[in-house]
Amino acid sequence: MFYLLRYALISLLILFVLPATAQTNLNMIDHDAKPYYFGITLAANQSFFKLKHSTAFLADDSTMIAEPLKTMGFNLGLLANARLSEHFDLRFNPQLLFASKNLYYRDTYPKPENTEKKIESILLSFPLQLKFKSDRIGNMRVYVIGGLKYDYDLASNARARRAENLIKIQKSDYGYEAGAGFEFYFESFIFSPEFKISNGFGNVLVKDPNLRYANVIDKLQSRMIVFSIHLEG
């Protein structure tokens, strides 16, 4: 995943940065003076859990392995950007995320078995970010972002019944985001590729000692790597 993102960013630099620095005509000259503007977001994500084993896992040898798996998903979102100063903006980027954070188990009792538990999520994410942007270089600039987010899982199974073989996940989570990107100015829009991490603070596991696969876990924290394309006007 990291290699693909690195090659994607290098390709974007070759395609956009070199031509942007070579040309003399500046696009959207008045854009930086706007008090606010809007856009849309298209993104791909790689999501997984940070897992901490429980004392039951260490004491019992019926489950030999319990570990997270990394899976791919995608995001759709809106963007609102408010200008604070020459180099700082406040950005609100609500998104609908389709993600899957799966878990892998290897059991020895009652029989040897490999099991993958699929934990699918449809998240409403509400990140509020502070954006620091560099001086404009021709028709491009570099920026970094950092902020907090609140996630609500529309597909949460926290209240599911007959859940002996389920991993129950909380509906709500909160966390932080940090990343960096580029802005490329065209005649009528801004093309912004961006790379960020989006991690949860809370333990999203619904603890229940009666659930076989949840019993071996003490804590699950969400982790996500996101590559986004913002189209701004």
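Note that the coordinates shown come from a computational prediction; the quantities given were computed from them, not determined experimentally.
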[X] side chain to [Y] backbone, donor-acceptor under 3.5 Å:
X     : Y      : answer
His31 : Gly233 : yes
Asn93 : Leu78  : yes
His53 : Ala66  : yes
Ser54 : Asp218 : no

Are [Y] and [X] linked, directly or through intermediate hydrophobic residues, by side-chain heavy-atom contacts shorter than 4.5 Å (ILVMFWY only)?
X      : Y      : value
Leu148 : Ile145 : no
Ile229 : Phe184 : yes
Tyr213 : Val216 : yes
Val144 : Leu128 : yes

Q: Just do the side chain to side chain contact (heavy atoms under 4.5 Å, CB included) check on Ile122 and Leu97 with the steps written out, would you?
A: CA-CA 6 Å; Ile122 303 175; Leu97 289 78; over 6 Å; no
Is there a side-chain contact between [X] and [Y], using heavy atoms and a 4.5 Å cut-off?
X      : Y      : value
Phe49  : Arg223 : no
Val226 : Phe74  : no
Glu67  : Leu51  : no
Lys168 : Leu205 : no
Leu26  : Asn139 : yes
Met140 : Val142 : yes
Lys52  : Ile217 : no
Leu103 : Ile119 : yes

When you compare the side chains of [X] and [Y], does any donor N or O come within less than 3.5 Å of an acceptor on the partner?
X      : Y      : answer
Tyr105 : Glu113 : no
Tyr150 : Ser172 : yes
Lys149 : Ser198 : yes
Gln95  : Thr41  : no

**Q.** Passing candidate, salt bridge (charged side-chain N to carboxylate O under 4.0 Å, His left out) with Asp89, options Lys133, Arg83, Arg141, Lys34
**A.** Lys133
(Q) For a side chain to side chain donor-acceptor pair (under 3.5 Å) check, start with the C-alpha distance between Asn102 and Glu116, then their side-chain angles and the critical distance, and finish with the verdict. (A) CA-CA 7 Å; Asn102 300 339; Glu116 181 177 335; 3.2 Å; yes
If you take all heavy atoms of [X] and [Y], which pair is closest and at what distance?
X      : Y      : result
Phe227 : Pro193 : CZ-CB, 4.2 Å
Pro127 : Phe92  : O-CD1, 3.3 Å
Asp173 : Gly202 : OD1-N, 3.5 Å
Ala99  : Asn45  : CB-OD1, 4.0 Å
Glu187 : Met28  : O-CG, 3.6 Å
Lys101 : Ser121 : NZ-OG, 4.0 Å

Using 30° and 60° as the class limits, which term best fits the ring planes of [X] and [Y]: parallel, tilted or perpendicular?
X      : Y      : value
Phe189 : Phe186 : parallel
Phe201 : Tyr176 : tilted
Phe132 : Phe88  : tilted

**Q.** Evaluation steps, salt bridge (charged side-chain N to carboxylate O under 4.0 Å, His left out), between Arg212 and Asp107
**A.** CA-CA 11 Å; Arg212 174 187 175 191; Asp107 298 323; 2.9 Å; yes
Calculate, to the nearest 0.5 Å, the distance between atoms [atom1] and [atom2] belonging to [X] and [Y] respectively.
X      : Y      : atom1 : atom2 : value
Asn215 : Thr63  : CG    : OG1   : 9.0 Å
Lys196 : Ile225 : NZ    : CD1   : 12.5 Å
Leu220 : Ile167 : CG    : CD1   : 7.5 Å
Leu123 : Ser222 : CG    : OG    : 8.0 Å
Ser47  : Leu69  : OG    : CG    : 11.0 Å
Ser125 : Tyr174 : OG    : OH    : 15.0 Å

(Q) Could you go through Gln221 and Asn199, starting from their C-alpha distance and side-chain angles, then the distance that decides it, and tell me whether this counts as side chain to side chain contact (heavy atoms under 4.5 Å, CB included)? (A) CA-CA 8 Å; Gln221 292 177 296; Asn199 295 340; over 6 Å; no
**Q.** Derivation of the side chain to side chain donor-acceptor pair (under 3.5 Å) call for Ser156 and Gln170
**A.** CA-CA 6 Å; Ser156 169; Gln170 301 279 4; over 6 Å; no
**Q.** Evaluation steps, side chain to side chain contact (heavy atoms under 4.5 Å, CB included), between Asn75 and Leu96
**A.** CA-CA 6 Å; Asn75 312 8; Leu96 180 65; over 6 Å; no
Q | Arg136 charged N/C atom sitting above Tyr185 aromatic ring, 6.0 Å / 45° | A | yes
Q.
Could you check whether Lys70 makes a cation-pi contact with Phe48, meaning its NZ or CZ is under 6.0 Å from the centre of the six-membered ring and within 45° of the ring axis?
A. yes
Q.
Under the criterion side chain to side chain contact (heavy atoms under 4.5 Å, CB included), I'd like the reasoning laid out for Phe191 against Leu231: C-alpha separation, chi angles, the key distance, then a yes or no.
A. CA-CA 5 Å; Phe191 177 83; Leu231 301 177; 3.8 Å; yes
Q) Is there a salt bridge (charged side-chain N to carboxylate O under 4.0 Å, His left out) between Lys131 and Glu183 once you walk through the steps? A) CA-CA 12 Å; Lys131 175 181 176 182; Glu183 291 183 340; 2.4 Å; yes
